[in-house]
Amino acid sequence: MLIAYVEKYGKSKQKITLADGDSFILPERDWKAFGAEAGEDMDDALLEKLYREYLLPKAKLRALNLLKVRDRSHKELVSRLKQDGYPQTIIQQAMDYVDSYHYVDDIRFAKNYIEYKGGRKSRRELAYELSKKGIDVSALAEREDGMALPDDKETIRALLEKRWGEAAAPDAKEKERMMRYLGRRGFRGGDILSVYRDLGI
């Protein structure tokens, strides 16, 4: 395989781009051990060894270390491995590895995310944030029991009671301030006013 480009990447790494468009990032000292330069052909057997014995173990370890820090969706983990400079074929194999042990589970991730964040965010904001992580909550809810976003009115009520106590008696200025806060969180004005009425404020 022809080595198309070898570029400096950061202080001590190099980005290697192959003629087929595939690329990867290695510490400079490790790349030198393989003895190929830009414009030269790398033996296919040597390239296969580089992928199988060097890049793949590192990608697996990187994925596991990222998951030790916190749970991640498939999309998040793939994105981080891409950011670290692993080629697509290695990323897919690393993902197959973590999937085989159920280390990554978008259903579990979504449920935990909703449980952790659901007490202070609207359904709309939760769905939007999860979609950025590659998770379609509506699609999951159709096939997964127990997968549901919290009721916005219940969340609003809990936030108001936390702010004002059960015997809420805010003045007009405070009510307006709280309405703006809830609006920024993605709650609909009609739902906010409905809870205000139910609480008699």
Side-chain angles (χ1 to χ4, degrees), residues 10 59-86 88 91-92 94-201:
K60 288 179 179 179
L61 182 60
R62 177 60 172 157
L64 293 175
N65 285 335
L66 287 167
L67 291 170
K68 280 181 183 178
V69 176
R70 67 171 177 84
D71 199 12
R72 296 171 193 270
S73 68
H74 274 82
K75 182 179 179 180
E76 284 184 309
L77 192 53
V78 167
S79 178
R80 284 303 303 269
L81 291 174
K82 282 183 181 177
Q83 185 180 322
D84 289 340
Y86 293 102
Q88 186 58 43
I91 292 172
Q92 185 57 58
M95 293 302 299
D96 289 344
Y97 171 77
V98 295
D99 280 342
S100 71
Y101 290 97
H102 304 289
Y103 292 149
V104 182
D105 185 328
D106 281 353
I107 293 173
R108 180 188 69 226
F109 180 91
K111 285 182 176 179
N112 289 341
Y113 193 89
I114 291 167
E115 182 178 352
Y116 180 67
K117 303 274 191 175
R120 55 187 185 274
K121 298 193 177 198
S122 67
R123 294 166 61 93
R124 184 167 48 180
E125 188 171 15
L126 287 169
Y128 173 71
E129 289 180 353
L130 284 168
S131 72
K132 291 198 299 182
K133 299 176 185 297
I135 297 173
D136 184 338
V137 180
S138 298
L140 284 182
E142 290 179 1
R143 70 174 198 267
E144 182 67 21
D145 290 339
M147 173 64 68
L149 293 168
D151 181 86
D152 274 352
K153 289 184 181 180
E154 291 179 6
T155 304
I156 293 168
R157 178 186 289 270
L159 288 169
L160 293 179
E161 288 180 350
K162 182 178 179 180
R163 173 86 175 196
W164 297 329
E166 292 187 9
D171 59 26
K173 188 175 181 179
E174 176 63 16
K175 285 169 60 177
E176 180 64 27
R177 183 184 297 118
M178 196 62 180
M179 180 170 279
R180 289 196 301 271
Y181 167 80
L182 292 169
R184 289 194 298 272
R185 293 281 182 169
F187 295 101
R188 300 181 187 279
D191 288 337
I192 301 169
L193 291 172
S194 177
V195 176
Y196 274 19
R197 286 193 296 270
D198 290 344
L199 294 175
I201 57 176

Does some side-chain heavy atom of Val195 sit less than 4.5 Å from a side-chain heavy atom of Leu199? yes

Gln92 vs Val78 side-chain heavy atoms within contact, under 4.5 Å: no

Can any side-chain N or O of Ser73 pair as donor or acceptor with the backbone N or O of Lys133 at less than 3.5 Å? yes

Any donor and acceptor pair, going by atom type alone, linking the side chain of Asp152 with main-chain N or O of Arg123 inside 3.5 Å? yes

How many angstroms lie between CG in Leu182 and CG in Leu159, if you round to the nearest 0.5 Å? 6.0 Å

Between Ala59 and Ala94 the two heavy atoms that sit nearest each other are CB-CB, 4.0 Å

Could you check whether any side-chain heavy atom of Leu160 comes within less than 4.5 Å of a side-chain heavy atom of Ile192, counting everything from C-beta outward? no

Residues passing the side chain to side chain contact (heavy atoms under 4.5 Å, CB included) test with Arg80, sequence neighbours excluded, are Arg62, Leu66, Arg72, Gln83

So Tyr103 and Tyr97, would you call those rings parallel, tilted or perpendicular, with 30° and 60° as cut-offs? perpendicular

Determine the minimum heavy-atom distance between Gly118 and Leu126, stating which atoms define it. CA-CD1, 3.8 Å

Please walk me through it: do Glu154 and Arg157 pass salt bridge (charged side-chain N to carboxylate O under 4.0 Å, His left out)? CA-CA 5 Å; Glu154 291 179 6; Arg157 178 186 289 270; over 6 Å; no

Could you tell me if the side chain of Tyr196 sits less than 4.5 Å from the side chain of Ile156, heavy atoms only? no

Donor-acceptor pair, side chain of Asp84 and main chain of Tyr86, under 3.5 angstrom: no

Is Lys117 paired with Glu129 through a side-chain N to carboxylate O contact shorter than 4.0 Å? no

Nearest heavy-atom contact between Ala63 and Leu81 is N-CD2, 4.2 Å

Lys75 vs Lys132 side-chain heavy atoms within contact, under 4.5 Å: no

Non-hydrogen atoms of Asp106 and His74 that approach each other most closely: OD1-N, 3.0 Å

Can you list the residues that meet the ring pair (Phe, Tyr, Trp, His ring centres under 6.0 Å) rule with Tyr181, with sequence neighbours excluded? none

Tell me every residue that passes side chain to side chain contact (heavy atoms under 4.5 Å, CB included) with Arg108, counting only those two or more places apart in sequence or in another chain. Asp71, Asp105, Asn112

Quick one: salt bridge (charged side-chain N to carboxylate O under 4.0 Å, His left out) pairs with a partner in residues 181-191, sequence neighbours left out? none

Any chance you could lay out the side chain to side chain contact (heavy atoms under 4.5 Å, CB included) test for Lys121 and Thr155, step after step, and finish with the verdict? CA-CA 8 Å; Lys121 298 193 177 198; Thr155 304; over 6 Å; no

Ring pair (Phe, Tyr, Trp, His ring centres under 6.0 Å) partners of Tyr116, counting only residues at least two apart: none

Apply the test side chain to side chain contact (heavy atoms under 4.5 Å, CB included) to residues Phe109 and Val104: give CA-CA distance (whole Å), side-chain angles for both, the deciding distance (0.1 Å), then the verdict. CA-CA 8 Å; Phe109 180 91; Val104 182; over 6 Å; no

Heavy-atom closest contact (Ile201 atom, Pro170 atom, distance): CG2-CD, 3.9 Å

Asp99 side-chain N/O to His102 backbone N/O, donor-acceptor pair under 3.5 Å: no

Supply the atom-to-atom distance Lys82 NZ to Leu77 CG, rounded to the nearest 0.5 angstrom. 11.5 Å

Check ring pair (Phe, Tyr, Trp, His ring centres under 6.0 Å) between Tyr128 and all other residues, then give those that pass, not counting sequence neighbours. none

Between Lys111 and Glu115, is there a salt bridge with N-O shorter than 4.0 Å? no

Within the 4.5 Å heavy-atom criterion, are Trp164 and Met178 side-chain neighbours or not? yes

